[in-house]
Amino acid sequence: MKKVIRISAVGVFAIALLIAQACSYSIVHISSLKTFSKDEGTETTSFKTGDFLKAKAQLADNPDQIRVEFLLYAEDVPGMAKGDFVPNTGQGQLVYLNRSADYLNIISPDMKSGTYTLRADLLDDRILFLIFT
């Protein structure tokens, strides 16, 4: 009976130790996602044909490296269903530590006017949405 009590006490202590360690760790996340047209000094969410769509996703609490994926989806675009991926607009890159991930794409003439969602993902986890027109 005493062995069972000792094993239980050790088990409880081990679980408490794991919980305490888990609480001290932060989860990597995108602290900000900003979009720009021509230069990074002026934020905008409105773009026209021929404009460069630039985005910067700033990471926080990244202890090593992580892959950031930028994906552009139709939100309210004539001829496209909501949530359709816009071809040739996805980009990904490895980011080390708390640096930023950059996205650059040109708004081509074949893109229809409407509202799109630029999404930044970390390791296939949805993190942040940005809607722009």
Side-chain angles (χ1 to χ4, degrees):
M1 178 119 179
K2 288 184 180 181
K3 287 185 180 180
V4 173
I5 293 173
R6 285 185 189 171
I7 292 173
S8 297
V10 170
V12 169
F13 177 74
I15 291 172
L17 183 62
L18 286 173
I19 291 172
Q21 284 184 341
C23 292
S24 68
Y25 291 109
S26 296
I27 297 174
V28 61
H29 63 280
I30 296 175
S31 61
S32 70
L33 177 60
K34 298 178 181 181
T35 56
F36 311 91
S37 180
K38 294 183 180 169
D39 58 58
E40 292 185 10
T42 308
E43 258 187 274
T44 185
T45 58
S46 182
F47 301 90
K48 61 183 184 293
T49 299
D51 281 353
F52 284 99
L53 166 58
K54 297 178 181 181
K56 183 178 285 291
Q58 181 63 50
L59 299 187
D61 300 323
N62 185 14
D64 190 19
Q65 70 179 16
I66 194 164
R67 184 166 179 80
V68 179
E69 295 279 339
F70 289 97
L71 303 164
L72 192 62
Y73 293 92
E75 187 71 26
D76 185 15
V77 180
M80 295 182 79
K82 182 177 180 174
D84 281 354
F85 173 71
V86 180
N88 303 319
T89 60
Q91 295 177 13
Q93 62 185 266
L94 280 176
V95 179
Y96 298 92
L97 303 174
N98 290 330
R99 298 189 177 135
S100 62
D102 298 310
Y103 175 84
L104 176 64
N105 206 335
I106 190 164
I107 307 298
S108 65
D110 60 333
M111 282 184 71
K112 298 177 181 175
S113 294
T115 303
Y116 295 85
T117 300
L118 179 64
R119 191 172 90 185
D121 289 337
L122 299 176
L123 298 177
D124 300 325
D125 291 331
R126 186 175 302 166
I127 300 298
L128 183 64
F129 291 98
L130 176 72
I131 297 175
F132 66 95
T133 57

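Hydrogens, waters and symmetry mates are skipped; everything else that's a heavy atom, side chains included, is used.
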Nearest-0.5 Å distance, [atom1] of residue [X] to [atom2] of residue [Y]:
X	Y	atom1	atom2	result
I107	F47	CD1	CZ	6.5 Å
R67	L94	CZ	CG	6.0 Å
L53	L104	CG	CG	8.0 Å
K48	S37	NZ	OG	6.5 Å
L72	Q91	CG	CD	10.0 Å
N88	M111	CG	CE	10.5 Å

Taking the side chain from T49 and the backbone from P109, do they hold a donor-acceptor pair closer than 3.5 Å?
->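 Such a contact is absent between T49 side chain and P109 backbone.
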
T35 side-chain N/O to T44 backbone N/O, donor-acceptor pair under 3.5 Å | yes

If I compare all heavy atoms of [X] with all of [Y], which pair ends up nearest, and what's the gap?
X	Y	value
K112	P78	CD-O, 3.1 Å
V28	L122	O-CD1, 4.0 Å
A120	I30	CB-CD1, 3.5 Å
A101	F70	O-CZ, 3.7 Å
A81	A74	O-CB, 3.8 Å
A57	L33	CB-CD1, 3.9 Å

Parallel, tilted or perpendicular, as decided by the 30° and 60° cut-offs, for the rings of Y73 and F85 = perpendicular

Partner of Y116 by side-chain contact (heavy atoms from CB on, under 4.5 Å), out of T45, D76, V77 = V77

Flag yes if L59 and L71 sit in one hydrophobic cluster, no otherwise; membership is Ile, Leu, Val, Met, Phe, Trp, Tyr, and two members link when side-chain heavy atoms are under 4.5 Å apart.
->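 L59 and L71: separate clusters.
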
Flag for T117-E75: side-chain donor and acceptor within less than 3.5 Å =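 Distance-only check passes for E75 and T117.
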
Intermediate values then yes/no, side chain to side chain contact (heavy atoms under 4.5 Å, CB included), K54 and Y103 | CA-CA 5 Å; K54 297 178 181 181; Y103 175 84; over 6 Å; no

Check the surroundings of atom CG in N98: do more than 12 heavy atoms from other residues, nucleotides or ligands lie under 6.0 Å from it?
->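 For N98, atom CG is crowded (more than 12 foreign heavy atoms under 6.0 Å).
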
